[in-house]
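These notes are about the structure you will find just below.
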There are 2 protein chains.
Amino acid sequence: MALRHAVLAALLDGECSGYQLAKAFDVGVANFWHALPQQLYLELAKLEKEGLVAGRQVIQETRPNKRLFTVTGAGVDELARFAASPAKPSFIRDDLMVKVQAADAAGADEVIRQLDERVLVADAKIEVFGKLLRRMRGELDEETFLREGARVGPYLTCLRGREFEAGHRAWCVRAAAVLRARVAAGVR
Amino acid sequence: MALRHAVLAALLDGECSGYQLAKAFDVGVANFWHALPQQLYLELAKLEKEGLVAGRQVIQETRPNKRLFTVTGAGVDELARFAASPAKPSFIRDDLMVKVQAADAAGADEVIRQLDERVLVADAKIEVFGKLLRRMRGELDEETFLREGARVGPYLTCLRGREFEAGHRAWCVRAAAVLRARVAAGVR
DNA sequence: CACGCCATGTAACATGTTACATGATTGC
DNA sequence: GCAATCATGTAACATGTTACATGGCGTG
C-alpha cells in the first residue's frame, strides 16, 4: 500500500483527473514515483470508495467527460499517519545500469549508444523540472519561496528530481567516455 | 523479465550463492536494483533450469551446505541480447520523498526526523561504496583502473551508487533545513 | 540461553504490467 | 487522412512481498 500515498500526495497540488495524474506519474511525479494510467484509475476508484478522495464529474462538450478528484479530510489524516510510519528504503531500478554492470562481458558498443541517448533524455527532463520550479515559485526567488511560499513539498521533490537527472546525466557521460576509451584501446 | 538480467549481471562478478546474492541485492547491488532473498532463490532456480547459470553444491561442515552459481555461455548471450534491447526508463521509488511532497499538509515534524535519520543511512552507504571502490581498483588509481582494469562495469555502477547517495544526502539536509525554518517561523 | 548469522526453500497474497475496448477532436 | 491527445475503464498475466518452515553454529 504505497501507491495510494503517492496519489494522495500528488493530489494535494490541486484537484485533477485520472488522466492528468497519469501524465504526472509518467514523467515520474518529479521523479520519485512511477505508475501507469490503469493503475491510477484503479487506485482512484479504491480511494474514492474509502472516502480518502472525492470525485466530481465535469461534463465537457468538445472532449470526453472527466472526473476531478480532491483529497478529503480523511485523506489528509491518512497521509499524516503515513508520514509518521517508518519509511521503506528508496531504490533505483535502472535497466541501463544493469547493462553497464554487464558491459565488460556483454558488448560495450550498444551500451555506449544507449548511454548517449540517455543523456538527451536527461537534458529534456532537466528542462521540464526547471520550468516546473520556475512556475511554482512565481515571482519569488528560491530562498524566499522556500521560506514563505505556500506548499514547498512539491518544490523540494522537484529539486531532487532535477538533481537526480543532472547526476545521472553526468554519470552517463563519464561511463560512455570510459567504455569508449576501452573499446578504442581494444581492452578486453 | 528484468530481475533475471540483474542477477546475471551481478553473477559476472564471480560465483556466488543465493544467500550472498541476497546480501548484495539488499544493499541494492550498488544501488541499481533491489530484491528479496525469496525472489532470488526462485529466479536462480529458473535461470538454472533454462541453462543460463550453472550451480554446484558445496558441502560445508560447520554451516549449512550451499550452492554456488556461475553464468554460462548461454547466460552471457542472454545478457548481450538484453544489452542491445531498448532500455526501460529508470525510476526512483521513495517513501520519504512522498512524505516531503505531502509535508505541508501532513505534519512536518515527523518528516524532518526521518530526513535526519536518512542522512545517517546515506553516510553509511557512502562509506560502504567507498570501500567497495577501493577494493575493486586495488593498487591502481581510479583513472588507470578505468583505462586498464578488468571489469569496469561494477566499478562504474558503484560510482553512480555513491553519487546517488551523496546527492540524496545533500537533499535530505536541505529539505530538513527548509522544513525546520518554516516550523520555527510558524508558516502554515 | 537468547539472538543473529548462515542457508534454502514453498505458499498465499498484493502489486504492477500488458492487452483489450471505445470514441470524438485537434493539429500536421 | 493519420497520428496524437483527451478520457476512462476491465481482464489476464507477470512480478514482488509477506508469512511460514527448518535447523546448526558462534557470540555475548
Side-chain angles (χ1 to χ4, degrees), chain A residues 1-8 15-29 32-50 53 55-69 82 85-95 98, chain B residues 1-7 15-29 32-50 53 55-69 85-95 98:
Chain A
M1 294 279 200
L3 174 60
R4 65 194 305 101
H5 300 119
V7 169
L8 287 171
E15 192 176 57
C16 77
S17 67
Y19 187 84
Q20 287 175 287
L21 258 190
K23 290 270 150 189
F25 275 81
D26 185 43
V27 182
V29 192
F32 69 77
W33 208 274
H34 172 264
L36 298 167
Q38 290 85 341
Q39 232 182 313
L40 293 169
Y41 285 119
L42 216 71
E43 195 66 41
L44 283 169
K46 278 191 221 165
L47 286 167
E48 195 182 18
K49 206 162 61 183
E50 294 174 44
V53 303
R56 69 182 178 94
Q57 182 107 18
V58 174
I59 284 110
Q60 297 184 120
E61 308 242 307
T62 70
R63 293 156 184 295
N65 296 339
K66 62 181 172 184
R67 312 195 55 219
L68 297 180
F69 295 91
F82 168 67
S85 72
K88 291 191 188 171
S90 70
F91 61 91
I92 312 178
R93 221 166 244 208
D94 191 335
D95 271 21
V98 176
Chain B
M1 294 280 201
L3 174 61
R4 63 193 307 99
H5 300 119
V7 169
E15 191 175 60
C16 78
S17 67
Y19 188 82
Q20 286 174 288
L21 258 190
K23 288 271 150 191
F25 275 79
D26 183 43
V27 182
V29 193
F32 67 79
W33 208 274
H34 172 264
L36 297 167
Q38 290 84 341
Q39 232 183 313
L40 293 169
Y41 285 120
L42 215 70
E43 195 64 44
L44 283 169
K46 279 191 221 163
L47 286 168
E48 195 182 18
K49 206 163 61 184
E50 293 172 46
V53 304
R56 69 181 177 94
Q57 181 107 18
V58 174
I59 283 109
Q60 298 184 121
E61 307 242 308
T62 70
R63 291 156 187 294
N65 295 340
K66 62 180 170 183
R67 311 196 54 218
L68 296 181
F69 294 92
S85 72
K88 292 192 186 170
S90 70
F91 61 92
I92 312 177
R93 217 164 246 210
D94 192 335
D95 271 18
V98 175

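When reading the values below, keep in mind they use all heavy atoms of this one structure, side chains included, and skip hydrogens, waters and symmetry mates. Letters A, B, ... are given to chains in the order of the sequence lines, protein chains preceding strands, and every chain is numbered from 1.
Sequence order on DNA chain C of the closest nucleotides to A:Glu61 and B:Phe69 puts B:Phe69 first from the 5' end. If B:Leu42 and B:Lys66 are placed on DNA chain C by their nearest nucleotide, the residue sitting closer to the 5' end is B:Lys66. For the pair B:Ala2 and A:Lys88, both in contact range of DNA chain D, the more 5′-proximal nearest nucleotide belongs to B:Ala2.
For DNA chain C, the outermost nucleotides in 5' to 3' order that have an atom under 4.0 Å from a heavy atom of chain A are C:dT15 to C:dT26.
Distance B:Tyr19 OH to D:dC25 P: 17 Å, rounded to the nearest Å. Nucleotide D:dT8 holds its P atom 12 Å from the NZ atom of A:Lys23, rounded to whole Å.
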Inset, instruction - With side-chain contact (heavy atoms from CB on, under 4.5 Å) as the test, would you mind laying out the steps for A:Gln60 and A:Thr62 before giving the verdict? - result: CA-CA 6 Å; A:Gln60 297 184 120; A:Thr62 70; 5.9 Å; no
Inset, instruction - With side-chain contact (heavy atoms from CB on, under 4.5 Å) as the test, would you mind laying out the steps for A:Gln20 and A:Leu68 before giving the verdict? - result: CA-CA 9 Å; A:Gln20 287 175 287; A:Leu68 297 180; 3.9 Å; yes
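Using a 4.0 Å heavy-atom criterion, one finds that A:Lys46 contacts no nucleic acid atom at all. Counting non-hydrogen atoms under 4.0 angstrom, B:Gln38 reaches a base of the nucleic acid. Within the nucleic acid shown, A:Arg4 has no heavy atom closer than 4.0 Å to any nucleic acid atom.
Put simply, the side chain of B:Arg67 never gets that close to the backbone of B:Gly18: no donor and acceptor are under 3.5 Å apart.
Every side chain to side chain contact (heavy atoms under 4.5 Å, CB included) that B:Lys46 has, sequence neighbours left out, goes to B:Glu43, B:Glu50.
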